[in-house]
Amino acid sequence: MSESGRFQLGTIGALSLSVVSSVSIVICNKALISTLGFHFATTLTSWHLLVTFCSLHVALWMKLFEHKPFDARAVMGFGILNGISIGLLNLSLGFNSVGFYQMTKLAIIPCTVLLETLFFRKIFSKTIQFSLTILLLGVGIATVTDLQLNALGSILSLLAVITTCVAQIMTNTIQKRFKVSSTQLLYQSCPYQALTLFIIGPFLDGLLTNQNVFAFKYTPQVLVFIVLSCLISVSVNFSTFLVIGKTSPVTYQVLGHLKTCLVLAFGYILLRDPFSWRNILGILIALVGMILYSYFCSVESQQKASESPAQLSQAKESESDPLISIENGSGIVNDGVVPKAPVWNSDKDLRA
């Protein structure tokens with residue numbers, strides 16, 4: 001199998017793993033929170049990350065991947081930022097209506113597009129922008145109901161969007177810049193994420209629920225669901241880093257909205273959640289947007305692939321020109337004549 005074929009197969013596998021694991025953990029956590037009354041989401045996330053780190057440590061001991069240390073400050077900053085973004089998202093949900101929280105999640109895609117355009121000079125074609133607009137419209141129709149605004153909630157939502165966007169962009173950028181795999185980055189950043197959430201988690205959960213996580217009555221059923229949630233989270237965290245590393249932050253957010261639609265559908269089928277024609281219409285529109293996004297990405301990826309051989313041929317010709325000039329005795333070779341190829345392609349969305 002060719003290298004491009006292996007890359008596409010790996011990407012499809014990462015996307016599939018992310019969807020299955022994320023939908024599973026949402027259903028598990030919904031039972032834990034709604035049915036069993038365990039409302040300590042931030043503290044639970046810190047346990048998720050701790051279990052993920054322990055699992056990766058065992059995998060490292062078994063030599064399933066290679067530890068590759070790199071810039072410690074970058075890892076620490078990235079881990080703390082990730083932890084803060086999770087905490088802010090939970091605060092946003094706590095201080096806003098569900099509808100406004102869904103609007104906050106919808107705002108992550110346009111914010112990511114804006115940041116990558118401004119700071120990475122990334123170009124999103126009009127067809128990609130159109131498909132993302134259709135997607136966001138559909139998810140908005142399906143999920144956004146009430147929009148109750150308040151000053152504190154709006155500020156928290158804004159901070160949550162910005163930190164989430166930056167953290168996801170950093171996930172992709174760090175893997176490319178330091179040439180580390182998603183597993184290596186996750187292994188090194190997990191302790192910082194877990195510690196950040198373990199410190200702020202009980203405080204945030206107490207603020208939002210007026211309950212103490214350490215005083216909660218942990219029945220055997222609650223413990224079983226907590227363990228199951230932590231085990232599924234290993235796959236969720238791993239697939240998140242894998243998807244962002246192989247595709248882009250925007251593609252990961254598109255996938256996230258697919259998960260939202262699937263959770264709504266599974267909630268109706270399995271848990272008999274309330275469902276309306278508005279939900280169905282929104283999901284259908286969102287699916288159209290996702291299909292268009294995938295199609296346009298595939299078309300532009302093929303166009304770039306067809307352009308690459310021509311660019312490589314031109315590069316080889318430019319490399320051979322100075323040799324011909326020397327052999328003909330017509331001049332001196334100047335340094336820097338041949339442009340160097342970029343280390344990694346920042347226009348990753350067009351190849352997803």
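Numbering starts at 1 and runs along the sequence shown.
Contact detail for L60 and E66: the closest heavy-atom pair is CD1-C, 4.3 Å. The two residues H257 and L135 have their closest heavy-atom pair at CB-CD1, 4.2 Å. The nearest pair of heavy atoms linking A107 to V161 is O-CG1, 4.0 Å. Y101 approaches L89 most closely through the heavy-atom pair CE1-O, 3.4 Å. Residues N172 and P249 come closest through the heavy atom pair CB-CD, 4.1 Å. The two residues L156 and L88 come nearest to each other via the heavy atoms CD2-CD2, 4.1 Å.
Of the possible donor and acceptor atoms, one in the side chain of Q129 sits under 3.5 Å from a partner among the backbone N and O of F124. Side chain of S16 to main chain of I12: a donor-acceptor pair is present (N/O by atom type, distance under 3.5 Å, no hydrogens or angles). Side chain of T117 to main chain of V113: a donor-acceptor pair is present (N/O by atom type, distance under 3.5 Å, no hydrogens or angles). Remark: the backbone N or O of G153 is paired with a side-chain donor or acceptor of N96 at under 3.5 angstrom.
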Using residues 220-244 as the side-chain source, report each donor-acceptor pair under 3.5 Å to any protein atom, sequence neighbours left out, with the distance given to one decimal.
{"unit_1": "S229", "atom_1": "OG", "unit_2": "N29", "atom_2": "OD1", "d": "2.7"}
{"unit_1": "S229", "atom_1": "OG", "unit_2": "H48", "atom_2": "NE2", "d": "2.7"}
{"unit_1": "S233", "atom_1": "OG", "unit_2": "C230", "atom_2": "O", "d": "2.4"}
{"unit_1": "N237", "atom_1": "ND2", "unit_2": "T52", "atom_2": "OG1", "d": "2.9"}
{"unit_1": "N237", "atom_1": "ND2", "unit_2": "S233", "atom_2": "O", "d": "3.2"}
{"unit_1": "S239", "atom_1": "OG", "unit_2": "S235", "atom_2": "O", "d": "2.8"}
{"unit_1": "S239", "atom_1": "OG", "unit_2": "V236", "atom_2": "O", "d": "3.0"}
{"unit_1": "T240", "atom_1": "OG1", "unit_2": "V236", "atom_2": "O", "d": "2.8"}
{"unit_1": "T240", "atom_1": "OG1", "unit_2": "Y252", "atom_2": "OH", "d": "3.3"}

Return all side-chain donor-acceptor pairs below 3.5 angstrom for residues 195-206, not counting sequence neighbours, or 'none' if the list is empty.
{"unit_1": "T196", "atom_1": "OG1", "unit_2": "Y192", "atom_2": "O", "d": "2.7"}
{"unit_1": "D205", "atom_1": "OD1", "unit_2": "T42", "atom_2": "N", "d": "3.3"}
{"unit_1": "D205", "atom_1": "OD2", "unit_2": "T43", "atom_2": "N", "d": "3.0"}
{"unit_1": "D205", "atom_1": "OD2", "unit_2": "T43", "atom_2": "OG1", "d": "2.6"}

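F216 and F40 have perpendicular rings, their planes meeting at more than 60° on a 0 to 90° scale where under 30° would count as parallel.
Annotation: side chain of I128 is in contact with side chain of S125 (closest heavy-atom distance under 4.5 Å). Side-chain atoms of P69 and H67, non-hydrogen and from C-beta on, do get closer than 4.5 Å to each other.
Checking each of Q168, K122, Q253 against S248 for a side chain to side chain contact (heavy atoms under 4.5 Å, CB included) leaves exactly one that passes, namely K122.
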Practice task
Show your reasoning for whether side-chain contact (heavy atoms from CB on, under 4.5 Å) applies to N90 and I86.
Solution key: CA-CA 6 Å; N90 288 338; I86 294 171; 4.1 Å; yes

